[in-house]
Amino acid sequence: MLTKPQDINMLAYKLTPHHAGIALWGDFSTLHRLHTFVHHVVNNSCFISEKDGLVLGLAYDLRKAFQGQRSTELHTVFDNERYQTYGVEILWPVLLIQTCILRKAMAYMASSKQDQAIMFELEHVVESAIREAIPAKAGTVIHHLQLLQGESYTSLARALDSRCRYFIELPAPKRLRQLPELLETFMFDGNNTNSRRRRSIPQNAFIESNLPWPDFEW
C-alpha cells in the first residue's frame with residue numbers, strides 16, 4: 001500500500017471500497033517505466049497476437065494516470081519536500097488477465113534483467129493486493145493465474161468481456177468471494193479438458209455484448 005515516504009519510485013496499490021478492483025499507484029517515473037515495458041512486450045512478443053487489444057489497455061490506463069487524468073495525491077515529507085503520485089483503478093479480472101498474459105508473453109521474446117525486474121514488481125504488487133483482499137482464497141487465485149498461462153491469448157481475450165460484465169454486476173460483498181471461481185471459468189473454453197469439470201458459475205451466466213459495460217461502483 002502507498003503509505004510511507006520510501007514508497008517513492010515504487011509501484012504500489014490501494015484496494016477499492018466496493019471490491020471491484022485495485023488502484024495502481026506510483027510517481028511519474030514508476031508508472032512511465034511500467035507503461036514503456038507494457039508497450040515493449042506487446043510489440044515484441046509473438047504470443048500477443050492482438051497488438052492493440054486488452055494488454056495495451058494497461059498501458060493506456062497507466063498513461064492516463066501519470067498524465068494526471070485519473071487520481072492524484074500530493075505528499076509532504078522531510079523538510080516540507082513534496083512529491084506527486086498518480087493512481088488508476090483497474091477491475092480485478094482485467095488486471096489479473098493482463099498480468100497473466102504479460103508473464104506468458106515474456107516466454108516468447110528476449111528479455112533483459114530490467115524487463116524481468118519490472119514484471120516481478122507488477123506481479124508482487126498484484127499478489128500482495130490479492131493476499132490483502134482475500135487472504136483465505138489468495139493461494140487459489142494465484143494458482144489459477146498460473147494455470148491460465150497454459151491458455152491461448154485468443155481464448156483469454158475472447159472470454160474477458162463477458163466475465164467482466166458478470167463481475168461488475170455482482171453485489172459488492174460477492175465480488176471477491178466469487179473471484180476464484182470466475183478465474184476458473186477462463187479454462188472452460190472449447191475442448192479444454194477443464195470444461196468437463198463441475199462449474200460453480202454456469203456458462204450461461206456470461207453474456208457477450210457489444211454494448212458498453214453498465215455503470216458500477218469501484
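Values reported hereafter were calculated over all heavy atoms of this structure, with side chains retained and with hydrogens, waters and symmetry mates removed.
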Mind listing the closest non-hydrogen atom pair of [X] and [Y] along with its distance?
X: Pro93; Y: Leu182; answer: CG-CD2, 3.9 Å
X: Ala20; Y: Phe216; answer: CB-CE1, 4.0 Å
X: Phe186; Y: Leu156; answer: CE2-O, 3.8 Å
X: Val41; Y: Ala105; answer: CG1-CB, 3.7 Å

Answer yes or no: is there a side-chain heavy-atom contact under 4.5 Å between [X] and [Y]?
X: Leu91; Y: Cys164; result: yes
X: Thr16; Y: Ile22; result: no
X: Pro173; Y: His19; result: no
X: Val55; Y: Tyr153; result: yes
X: His143; Y: Glu184; result: no
X: Leu96; Y: Leu179; result: yes
X: Tyr60; Y: His35; result: no
X: Thr85; Y: Thr30; result: no

Shared hydrophobic cluster, Leu147 / Ile130 (ILVMFWY, side-chain heavy atoms < 4.5 Å): yes
ILVMFWY cluster, Tyr108 and Leu56 together (side-chain gap under 4.5 Å): yes
Where at least one partner belongs to residues 92-117, residue pairs that pass salt bridge (Lys or Arg N to Asp or Glu O under 4.0 Å), sequence neighbours excluded: Arg103-Glu123
Quick check: does any side chain N or O of [X] sit under 3.5 Å from a backbone N or O of [Y], one acting as donor and the other as acceptor?
X: Glu121; Y: Leu11; value: yes
X: Gln84; Y: Thr72; value: no
X: Lys14; Y: Trp25; value: no
X: Ser155; Y: Glu151; value: no
X: Ser71; Y: Val88; value: no
X: Arg175; Y: His18; value: yes
X: Ser45; Y: Val42; value: no
X: Arg70; Y: Asp61; value: no

From CA spacing to verdict: side chain to side chain donor-acceptor pair (under 3.5 Å), His39, Asn43: CA-CA 6 Å; His39 272 281; Asn43 290 336; 4.6 Å; no
Intermediate values then yes/no, side chain to side chain donor-acceptor pair (under 3.5 Å), Tyr13 and Glu132: CA-CA 11 Å; Tyr13 73 90; Glu132 181 182 348; 2.5 Å; yes
Steps toward side chain to side chain donor-acceptor pair (under 3.5 Å) verdict (Gln116, Ser111): CA-CA 7 Å; Gln116 293 292 338; Ser111 60; 2.9 Å; yes
Of all pairs that satisfy side-chain hydrogen bond (donor to acceptor under 3.5 Å, both in side chains), the ones with a partner from residues 205-218, not counting sequence neighbours: Asp161-Trp213
Flag if over 12 foreign heavy atoms under 6.0 Å of NZ, Lys51: yes
All salt bridge (Lys or Arg N to Asp or Glu O under 4.0 Å) counterparts of Arg63, not counting sequence neighbours: none
Check: Phe206 ring centroid to Tyr166 ring centroid under 6.0 Å: yes
Mutual orientation of the aromatic rings belonging to His32 and Phe28 [parallel < 30°, tilted 30-60°, perpendicular > 60°]: parallel
